[in-house]
Participant: 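I have a structure I would like to understand better, so I am pasting it below and will then ask my questions one at a time.
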Amino acid sequence: MPVPYQDILDYTLIDAEKLQARIRELGAEISHDYEQDDDIILIGILKGSMLFMTDLMRHIEVPHVIDFLDVTSYGAGVRESTGSVRILRDINMTIERRHVLIVEDIIDSGRTLEQVLRLLQARRPKSLRVCTLLDKKERREVVIPVDYTGFEIPNAFVFGYGLDIDEYYRNLPFIGVVKPGFVMDE
Ligand code: IMP
Ligand code: MG
C-alpha cells in the first residue's frame with residue numbers, strides 16, 4: 001500500500017499558487033507567439049503532463065486541439081531513461097503542415113524528448129515546439145531545443161502535479177521533493 005505523501009515529502013519545491021501563476025504566464029506567452037497561426041495541436045506526453053495540459057490549455061487563447069502520446073523507454077530503470085523509446089499509444093491526429101506544441105511534465109536527460117521530436121518531425125509538421133513545466137537542466141545528456149519552460153529545478157526526484165512515484169501521488173496540486181533514499185514498498 002502506498003504511504004501518505006507526507007511520509008515521503010522532504011519539502012515542497014513549488015506550491016500550487018506559484019504553479020498556477022507561472023502556467024498563466026506560459027499560456028499568455030504561447031497565445032502571443034501563435035497569434036498569427038490560428039490553429040495549434042497540443043500533444044501531451046502521458047501520463048505526467050496530464051494536469052499541466054488541462055491547466056495550460058485554459059490559458060491558451062488561440063484555437064487549438066489536443067492529443068496525447070504515450071511512450072516508454074526501453075529497458076529503463078524506474079528513475080532513469082535510456083536511449084530509445086517505444087510508442088505505447090500514438091496520437092490520432094495528422095500533424096502534417098500543422099503547428100505542433102509538445103507539452104511535457106519534465107525534461108531530465110532529454111532522451112525521451114529527443115526521440116519524440118525525431119518521431120514527430122518525420123511527419124512534417126509546419127512547426128514543432130516544446131513546452132515543459134519543469135527542466136532539470138544539469139541532468140541533460142542531449143541537446144534539446146526547449147521553447148517554453150515553467151521552472152528550472154535542481155537535480156532532485158520530484159513528484160506531484162502529474163508526476164508520480166511508482167504511479168502514485170499524481171493528483172497533488174504542488175511539486176514536492178522526495179525524501180532522500182525513499183523507496184516504495186512492493
Ligand atoms: P528523460 O528522458 O531523462 O528526459 O526523462 C524524462 C521522463 O522521466 C519524464 O517524462 C518523467 O516521466 C521521468 N522523470 C524524470 N525525472 C523525474 C522526477 O523527478 N520525477 C518524476 N518523473 C521524472
Ligand atoms: Mg513523462
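In what follows, residues are counted from 1 in the order of the sequence shown. The shown structure was predicted, so the numbers you read here are calculated from the model rather than taken from an experiment. Numbering of ligands and ligand atoms starts at 1, following listing order.
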Participant: Could you see which bit of Ile45 sits under 4.0 Å from ligand 1, with heavy atoms only: side chain, backbone, both or neither?
Facilitator: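 No part of Ile45 comes within reach of ligand 1.
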Participant: At under 4.0 Å between heavy atoms, which part of Glu104 makes contact with ligand 1: side chain, backbone, both or neither?
Facilitator: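 The side chain, only.
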Participant: Does Arg86 come within less than 4.0 Å of Asp70, counting only side-chain N to carboxylate O?
Facilitator: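 Answer for the salt bridge query: no.
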Participant: Report yes or no: does Gly48 have a heavy atom closer than 4.0 Å to ligand 1?
Facilitator: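 In this structure, Gly48 fails to qualify as a contact of ligand 1 - no heavy atom is under 4.0 Å.
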Participant: Determine which pairs satisfy ring-ring contact (aromatic ring centres under 6.0 Å, His included) with at least one residue from residues 1-26, sequence neighbours left out, and list them in order.
Facilitator: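 The answer is Tyr5-Phe174.
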Participant: Under 3.5 Å, N or O to N or O, is Ile107 touching ligand 1 that way?
Facilitator: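 In this structure, Ile107 places no N or O atom under 3.5 Å from an N or O of ligand 1.
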Participant: Purely on distance, is any nitrogen or oxygen of Phe159 under 3.5 Å from one on ligand 1?
Facilitator: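 In fact, backbone or side chain, Phe159 has no N or O that close.
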Participant: If the contact criterion is a heavy-atom separation under 4.0 Å, does Lys136 count as touching ligand 1?
Facilitator: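 Heavy atoms of Lys136 do come under 4.0 Å of ligand 1.
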Participant: Do we get Arg170 above Phe159's six-membered ring, with its NZ or CZ under 6.0 Å from the centre and within 45° of the axis?
Facilitator: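 Pair Arg170/Phe159 does not count as cation-pi.
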Participant: Going by the rule ring pair (Phe, Tyr, Trp, His ring centres under 6.0 Å), which residues pair with Tyr161 if we only count those two or more places apart in sequence or in a different chain?
Facilitator: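 Ring pair (Phe, Tyr, Trp, His ring centres under 6.0 Å) check on Tyr161 returns nothing, list empty.
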Participant: Which one holds for Leu163 and ligand 1: side chain close, backbone close, both close, or neither close, with close meaning a heavy atom under 4.0 Å?
Facilitator: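 Answer for Leu163: side chain.
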Participant: For Asp164 and ligand 1, does the shortest N/O to N/O distance drop below 3.5 Å?
Facilitator: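 For ligand 1, there is no N or O atom that lies under 3.5 Å from one belonging to Asp164.
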Participant: List the steps, then state whether salt bridge (charged side-chain N to carboxylate O under 4.0 Å, His left out) holds for Arg98 with Asp37.
Facilitator: CA-CA 9 Å; Arg98 300 183 71 176; Asp37 321 299; over 6 Å; no
Participant: For Asp105, is the nearest heavy atom under 4.0 Å from an atom of ligand 1?
Facilitator: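 For ligand 1, residue contact (heavy atoms, under 4.0 Å) with Asp105 is present.
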Participant: Evaluate the side-chain proximity of Phe52 to Val103: yes if any heavy-atom separation is below 4.5 Å, no if none is.
Facilitator: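 Yes - at least one pair of side-chain heavy atoms lies under 4.5 Å apart.
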